[in-house]
Amino acid sequence: MIQRIFSLLIVLFCALTLHAQKSKQFTPGEIWPDNKGKHINAHGGGILFYKGVYYWYGEHKIAGKIGNSAQVGVSCYSSKDLYNWKDESIALKVDEDPNSDITKGCTLERPKVIYNAKTQKFVMWFHLELKGKGYYAARSGVAVSDKPTGPFTFLKSFRPNAGYWPVNVQPYHKKPVSPDVKDSYCGGKGCLPAPVDSVNLLGRDFKGGQMARDMNLFVDEDGTAYHIYSSEENSTLHISKLTDDYLSYSGEYFRVFVGRYMEGATLFKRAGKYYIIASDCTGWAPNAARSAVADEIFGEWKELGNPAVGNESETTFRSQSTFVLQIQGKKDSYIFMGDRWTPDNPIDGRYIWLPIKFENDAPKLYWQDKWSL
Ligand code: GAL
């Protein structure tokens with residue numbers, strides 16, 4: 001009997017130590033358990049570093065196709081080492097009120113959070129599609145919180161830069177827009193009847209605001225924040241400077257990669273240069289990533305090609321970019337974060353995190369089954 005109790009105790013002890021064992025490596029594409037042993041649920045995510053802690057925000061998905069719409073809200077996890085993540089619960093909840101822009105069942109994608117040192121607020125931006133309206137609303141949503149883990153309060157959703165022309169507007173954008181230019185096309189590649197500038201979507205959306213879908217935030221060394229998003233029916237990226245409080249657009253923005261249909265855009269800085277890693281526009285299906293470099297944030301941007309190298313590089317290792325994380329206190333250390341989407345059961349989506357190598361100042365991604373910093 002005593003022997004049995006003893007062996008039971010040993011089994012229990014082993015189980016507990018195994019559970020408490022900390023992970024010391026990344027295993028891209030595998031289940032990634034949080035502190036409660038559950039697969040991390042923060043898709044299309046991004047990371048904020050604040051006072052020695054990393055906070056990972058992302059779309060909280062539920063099982064089944066319905067999980068592609070927002071049924072819960074935006075998740076938050078915290079970590080000090082980037083391998084082990086604590087579930088901090090839901091940072092921004094969808095609203096039960098059917099009249100709210102972020103009512104349960106809306107589409108709330110690619111949330112990102114930045115910290116404003118002047119106002120001491122945490123500011124969240126996300127791509128919002130109104131419930132039941134497909135992908136036609138193409139709005140930006142903004143929420144704020146006093147704490148990184150939330151709760152965030154939803155402030156507003158709107159279309160960018162209504163009534164403002166971009167810095168690099170062309171004279172033909174300001175001419176009257178033909179009445180056959182529709183309010184919305186299918187949003188995918190190949191939907192527009194002609195090249196984007198001949199259709200003049202910029203002019204079409206001047207009054208009501210430009211479209212904003214896949215998006216990211218970037219804070220420069222001087223504290224200026226920028227919003228980068230797929231606009232003009234996804235055909236063209238806009239980079240918009242935000243106001244000092246990070247809550248609105250300043251009205252100063254630039255069109256980049258016209259007609260290149262870039263999605264999942266990430267923006268980061270290395271050795272004084274700006275970089276973008278983005279994807280092509282093929283819905284949930286993965287495609288070959290793109291990369292680009294510029295000396296100034298508004299350009300000239302020079303494309304550097306697909307950063308992925310080797311097997312499965314044509315699908316970016318079956319993933320789509322969502323964020324590039326610069327590691328604090330480690331020179332030249334950047335992580336590419338991508339999503340391996342599973343739209344039939346989105347809660348099972350996997351995370352593809354890979355180190356970025358720079359070869360001749362161009363970012364490169366090599367597959368690794370396991371790796372550590
Ligand atoms: C992808 C986009 C995702 C989501 C999806 C919907 O291209 O990156 O964030 O919007 O399309 O089909």
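Counting starts at 1 for both ligands and their atoms, following the listed order. Every heavy atom of this structure was used, including side-chain atoms; hydrogens, water molecules and symmetry mates were not. Numbers here simply count residues along the sequence, with the first being 1.
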Please output the residues near ligand 1 using a strict heavy-atom distance under 4.0 Å, listed in chain and residue-number order. E109, R110, Y135, D214, E263, G283, W284, Q320
Side chains of Y135 and S184: any donor to acceptor distance under 3.5 Å? no
Distance-only donor-acceptor check, side chains Y172 and N200, under 3.5 Å: no
cation_pi(R270, Y334) dist<6.0 Å, angle<=45: no
Hey, do the aromatic rings of Y351 and H39 have their centres closer than 6.0 Å? yes
Roughly how far apart are R255 CZ and Q210 CD, rounded to 0.5 Å? 8.5 Å
To the nearest 0.5 Å, what is the distance between NZ on K189 and CG on N234? 11.5 Å
